[in-house]
**Q** 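This is the structure I have questions about; it appears just below.
Numbering starts at 1 and runs along the sequence shown. Only this structure's heavy atoms are used, side chains among them; waters, hydrogens and symmetry mates stay out. The structure presented is a predicted model; accordingly, all values stated were derived computationally and were not measured.
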Amino acid sequence: MKFQELKNRYKNRYTMRMVTGVLFVALLGGSIGIGSMQAGAPVTMAEAAVETAADKEETEAAETAESEQLADDILKISKKDSDEAEELDGKEETVYLITDANGKVTKTIVSNWLKNGSARSEIKDVSNLSDIENVKGDETFTQDGSNLTWQANGEDIFYQGTTTEETPITEEVTYFLDGTEISPEELAGKSGQVTIRFDYTNHEKKTVTVNGKEEEVYVPFTVVSGLIFDDSFRNVQVNHGRVISDGNRNAVIGFAMPGLKESLNVKDGDFDEDFEFPEYVEITADVENFSLEMTATLAIPGLLAGEDVSANVDFDELDDVMDQMTDAMDQLKDGGGQLADGLDTLNDSMGEFSSGVSQLSDGVNAYTDGATQLAQGIQTLSDSSGSLESGVNTLNASAKTISNGVQQLDQTLRTEMSKKEKAAAKQQVDAAIDAQFKKGSDTYNMIYNAATENFQNTMSGEETVNTVQAGIQSGLQAQGLTSEGVIAALAQYYAENGFTDGTGQYYAPEVCQSIIEGTETPYALYFANQVLNGGLSSALAGGITSGIAQQGAAAVGESVVGACASAAKQAGEEAVITGAESAKKQVAAAIEAKDANSGYSLVTGSKALSDGTQTLANSIPTLKDGIGRLLSGANQLVSNNAALKDGVSALSDGASQISDGVVKLDDGAHELADGLEEFDEKAISKIVDAYNGDIKDLVDRLEAIAQAGDDYTTFSGAAEDTDTMTKFIFRTAAISADDEDEE
């Protein structure tokens, strides 16, 4: 095996470990030191001189063993501290899916951790796996169908097996070069703009109850995919996620929630054009000589928020607005009814008024019998005209107030919400969501602690450090690289080419030859001996694991909480603004709708009512003037009978006109009352019903979806009443143009 093959071997395996670890660390994480994520150690002169006599068969056998070792490598990375196992009983299941470069599964390995915090002698378990084996201890088990009984002897059990069952979530990876789809084999070594698209399919559905009705929704899964690009990738972008760069490498993390949009029963048109549900991950970059070590994807059931959704959103203010709107409409209907009743009374009284005028006319005709009494009667009529004027003015002012209010309401409804009003509405939603996700809340602590604890427990354990060290050292030794062999090979090389040490000091070939023949050992030979005997491999392993653990934990928790809160804010803000604008348009259309019979709408009808009362008010001075003239004529009755009769005739005509006006006004008041009833039925009541239906339905639906995620706990099976959690990890095959050359 040549040196380049050896270097790629370590590079591939460490990249796999690092990407898988980053998925637990980053999710949508903040800044992580990419310097601690390097794919391998710097190349030294000692490495450059390695040349082994291993043939092609040994190379192929080592590469086959690489695939078998994958599951065990990832298992050891994702272990938690043994301290936690002493506190809990339960089962933690990790499903590893080994796939080709397009995401097609070639092997499924399931690793299970049976936690034995209560130190049970036996642990009952249920599993549908094949080829079950204990991967950590020597505890044995008996099997009856899918029922397993482990002789735990107080210890935790770590076992793994295989299955051919389809997982509830699957992944498909598609590649494009300059906008054209291309196979991964054809893409290897090509240059141009590359697009890598991850499509996730959710196969798991569950029947839930939403507002008393049974509906089928997808079990929610939060899916996170991670990749590492070297400096041949430029201008890296991801649609749903984060790109982290140190200038030489890019760590790309993308996330999606497949099936959530359909479960929520919403459409893209319900939101702004720039809002998109994260259902897939798409990465673009400008690439020279394309190759890709691997990709890793983590899928976890749930929405990463385990609390009652409705408990974290305050709808009290909206409830108050709906109540106020209903109360105001009731008062408006009561006022319209009272106005109609008052005009009915006025209309009924007009008969008496007309009768009085008729009697007055008869009295004038008989003035000779009571001229003085006639004058006194007219005086009484003049005195009462002031009360009539006051009542008409009050009626006119009330009608004008109603008309102005309806006109202002119509104008307000036809005016779009201002930026300030939208900002206020969004601020209320943001405040409610911030309260749910604020630091120290149950939601914040649950998400933050789960991410940081899993990462720290995974990366800081002694077992992980030992595994990394053992992988480095055993790989060297597996190739037959002993200290003596390397020293001999280097001695010959330095005697021919010379040697430059770590300080820049150069030793000529003849100097190296004299040192080799003497008793001293060159610095480079000592360095190679230290590499093969584990000294530097131990330091390298410790630095790798501690560097990632120290830099990533806090960023994980903060990033996951921020991503969840941001998604909730965007959906909530859009729902509030869209609902308010729609409600205003419905109300405006309702009050402007014309009645088929009268031809009036609420807006034009209230204006016509105001104009009628104004006409009535304008007629009062004429009426009072007529009464005054009648009184003057009565005083001159004896001397001017003709003038008196003319005045009585004018009064009679005026009474008839007033009676006709009151009848029309009464009809208008009844139409107004009927219009208010119709407005309440067609507009206000529907708005209140829509609020009580659509918005609260969404909250109920979110709670049902979240519960469906909580209820999904196992893929391969678990014993009854066992606290179980599961996660799925996809690992795609590498894409490299060098594979065929190295064979």
Side-chain angles (χ1 to χ4, degrees), residues 23 27 71 74 91-112 126-130 146 160-174 196-210 214-226 239-240 254-268 276-282 295-306 567 701-718 724-733:
L23 291 179
L27 290 181
I74 303 178
K91 182 176 181 178
E92 185 171 321
E93 176 185 63
T94 305
V95 183
Y96 302 100
L97 297 112
I98 315 303
T99 78
D100 63 15
N102 287 116
K104 182 179 179 181
V105 176
T106 58
K107 189 171 185 179
T108 302
I109 302 172
V110 181
S111 292
N112 288 312
V126 173
S127 178
N128 59 14
L129 300 178
S130 304
S146 61
Q160 72 179 26
T162 61
T163 181
T164 58
E165 295 291 330
E166 184 178 48
T167 54
I169 193 85
T170 56
E171 173 184 81
E172 180 181 1
V173 187
T174 310
I196 305 174
R197 176 172 172 136
F198 293 82
D199 287 287
Y200 315 98
T201 303
N202 192 336
H203 304 281
E204 194 73 14
K205 285 190 173 184
K206 183 178 180 182
T207 300
V208 299
T209 301
V210 179
E214 288 191 349
E215 295 190 24
E216 196 173 54
V217 299
Y218 284 100
V219 172
F221 281 87
T222 300
V223 183
V224 183
S225 290
N239 63 337
H240 302 300
F255 83 101
M257 305 185 80
L260 179 60
K261 176 182 175 182
E262 182 175 340
S263 295
L264 288 175
N265 193 26
V266 295
K267 301 180 180 63
D268 290 335
E276 181 181 5
F277 273 87
E279 296 188 298
Y280 67 95
V281 172
E282 188 170 271
T295 72
T297 296
L298 172 67
I300 301 175
L303 295 175
L304 297 182
R701 186 177 296 274
L702 280 171
E703 289 179 340
I705 293 171
Q707 186 60 49
D710 293 341
D711 292 341
Y712 186 91
T713 57
T714 180
F715 169 68
S716 63
T724 307
M725 62 180 295
T726 189
K727 57 182 175 289
F728 300 86
I729 298 178
F730 297 78
R731 186 263 198 185
T732 63

**Q** For Glu171 and Thr99, does a side-chain donor sit closer than 3.5 Å to a side-chain acceptor?
**A**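 Checked: Glu171/Thr99 side chains show no N/O donor-acceptor pair below 3.5 Å.
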
**Q** Ignoring hydrogens and geometry, is there a side-chain-to-backbone donor-acceptor pair from Lys107 to Tyr96 under 3.5 Å?
**A**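 Such a contact is absent between Lys107 side chain and Tyr96 backbone.
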
**Q** Could I get the full list of side chain to side chain donor-acceptor pair (under 3.5 Å) partners for Thr162, not counting sequence neighbours?
**A**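 In terms of side chain to side chain donor-acceptor pair (under 3.5 Å), with neighbours along the sequence ignored, Thr162 is linked to Asp131.
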
**Q** Which residues pass the ring pair (Phe, Tyr, Trp, His ring centres under 6.0 Å) test with Phe715, not counting sequence neighbours?
**A**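 For Phe715 the ring pair (Phe, Tyr, Trp, His ring centres under 6.0 Å) partners, ignoring immediate neighbours, are Phe728.
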
**Q** Less than 4.5 Å apart, side chain to side chain, heavy atoms only: is that true for Met257 and His240?
**A**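 No, too far: nothing below the 4.5 Å cut-off.
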
**Q** My understanding is that only residues two or more places apart in sequence, or in another chain, count here; which of them pass side chain to side chain donor-acceptor pair (under 3.5 Å) with Glu215?
**A**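 Partners of Glu215 by the side chain to side chain donor-acceptor pair (under 3.5 Å) criterion, ordered by chain and then number, come out as Arg701.
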
**Q** With sequence neighbours excluded, tell me which residues meet side chain to side chain contact (heavy atoms under 4.5 Å, CB included) with Ser263.
**A**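 By the side chain to side chain contact (heavy atoms under 4.5 Å, CB included) rule, Ser263 matches Val217, Tyr218, Ile705.
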
**Q** Quick check for you: to the nearest 0.5 Å, what is the distance between Glu93 atom CD and Met725 atom CE?
**A**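 Between Glu93 CD and Met725 CE, I get 10.5 Å after rounding to 0.5 Å.
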
**Q** If you take all heavy atoms of Phe198 and Ser225, which pair is closest and at what distance?
**A**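 So the two residues come closest at CD2-OG, 4.0 Å.
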
**Q** OG1 of Thr726 to CG of Asn112: how many Å apart, nearest 0.5 Å?
**A**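 One finds 8.0 Å between OG1 of Thr726 and CG of Asn112.
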
**Q** Okay, side chain of Asn202, backbone of Ile169: is any donor-acceptor separation there less than 3.5 Å?
**A**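 Side chain of Asn202 to backbone of Ile169, a donor-acceptor pair under 3.5 Å: no, none is there.
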
**Q** With sequence neighbours excluded, what pairs up with Tyr712 under the ring pair (Phe, Tyr, Trp, His ring centres under 6.0 Å) test?
**A**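 With sequence neighbours excluded, Tyr712 shows a ring pair (Phe, Tyr, Trp, His ring centres under 6.0 Å) to Phe221, given in chain and number order.
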
**Q** Indicate yes or no for a side-chain donor-acceptor contact from Asp100 to the backbone of Asn102 under 3.5 Å, with no hydrogens or angles considered.
**A**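 A pair under 3.5 Å: yes.
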
**Q** Taking all atoms of both residues into account, what is the closest heavy-atom pair of Thr163 and Glu165, and its distance?
**A**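 Between these two residues, the closest heavy atoms are OG1-N, 3.1 Å.
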
**Q** Kindly give the heavy-atom pair with the smallest separation between Val281 and Asn239, and that separation in Å.
**A**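 Shortest heavy-atom separation between Val281 and Asn239 comes out as CA-OD1, 3.5 Å.
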
**Q** So which atom in Val223 and which in Ala299 form the shortest heavy-atom distance, rounded to 0.1 Å?
**A**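 For Val223 and Ala299, the tightest heavy-atom pair comes out as CG2-CB, 4.1 Å.
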
**Q** Any idea which heavy atoms bring Ala101 and Thr732 closest together, and the distance?
**A**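 Taking every non-hydrogen atom into account, CA-CB, 4.4 Å.
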
**Q** Can you sort out the partners of Ala733 under side chain to side chain contact (heavy atoms under 4.5 Å, CB included), two or more places apart, ordered by chain and number?
**A**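 Ala733: no side chain to side chain contact (heavy atoms under 4.5 Å, CB included) contacts found.
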
**Q** Check side chain to side chain donor-acceptor pair (under 3.5 Å) between Thr167 and all other residues, then give those that pass, not counting sequence neighbours.
**A**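 Partners of Thr167 by the side chain to side chain donor-acceptor pair (under 3.5 Å) criterion come out as none, since no residue qualifies.
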
**Q** Give a yes or no on whether the backbone of Gly161 and the side-chain of Ser130 come within a donor-acceptor separation of less than 3.5 Å.
**A**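 No, the answer is negative, given that no donor and acceptor are paired below the 3.5 Å cut-off.
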
**Q** Looking at CG of Leu129 and CD of Gln160, how far apart are the two atoms once the value is rounded to the nearest 0.5 Å?
**A**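 Answer for the CG-CD pair, Leu129 versus Gln160, is 9.5 Å.
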
**Q** Using side chain to side chain contact (heavy atoms under 4.5 Å, CB included) as the criterion, list what pairs up with Thr209, not counting sequence neighbours.
**A**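 Per chain and number, Thr209 pairs via side chain to side chain contact (heavy atoms under 4.5 Å, CB included) with Glu214.
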
**Q** If you compare all heavy atoms of Pro258 against all heavy atoms of Tyr200, which two are closest, and at what distance to 0.1 Å?
**A**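 Shortest heavy-atom separation between Pro258 and Tyr200 comes out as CB-O, 3.7 Å.
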
**Q** In chain order, what residues pass the side chain to side chain donor-acceptor pair (under 3.5 Å) check against Glu282, with sequence neighbours excluded?
**A**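 Side chain to side chain donor-acceptor pair (under 3.5 Å) list for Glu282, sorted by chain: empty.
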
**Q** Which residues satisfy the salt bridge (charged side-chain N to carboxylate O under 4.0 Å, His left out) test with Asp199, sequence neighbours excluded?
**A**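 With neighbours one apart ignored, the set is Arg197.
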
**Q** Return the NZ to OG1 distance between Lys727 and Thr94, rounded to the nearest 0.5 Å.
**A**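 One gets 3.0 Å once the value is rounded to the nearest 0.5 Å.
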
**Q** So, using salt bridge (charged side-chain N to carboxylate O under 4.0 Å, His left out) as the criterion, who are the partners of Glu279 when residues are at least two apart?
**A**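 By the salt bridge (charged side-chain N to carboxylate O under 4.0 Å, His left out) rule, Glu279 matches no residue at all.
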
**Q** So, do Leu264 and Leu702 sit near enough that their side-chain heavy atoms are less than 4.5 Å apart?
**A**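 Of all side-chain heavy-atom pairs linking Leu702 with Leu264, at least one is under 4.5 Å.
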
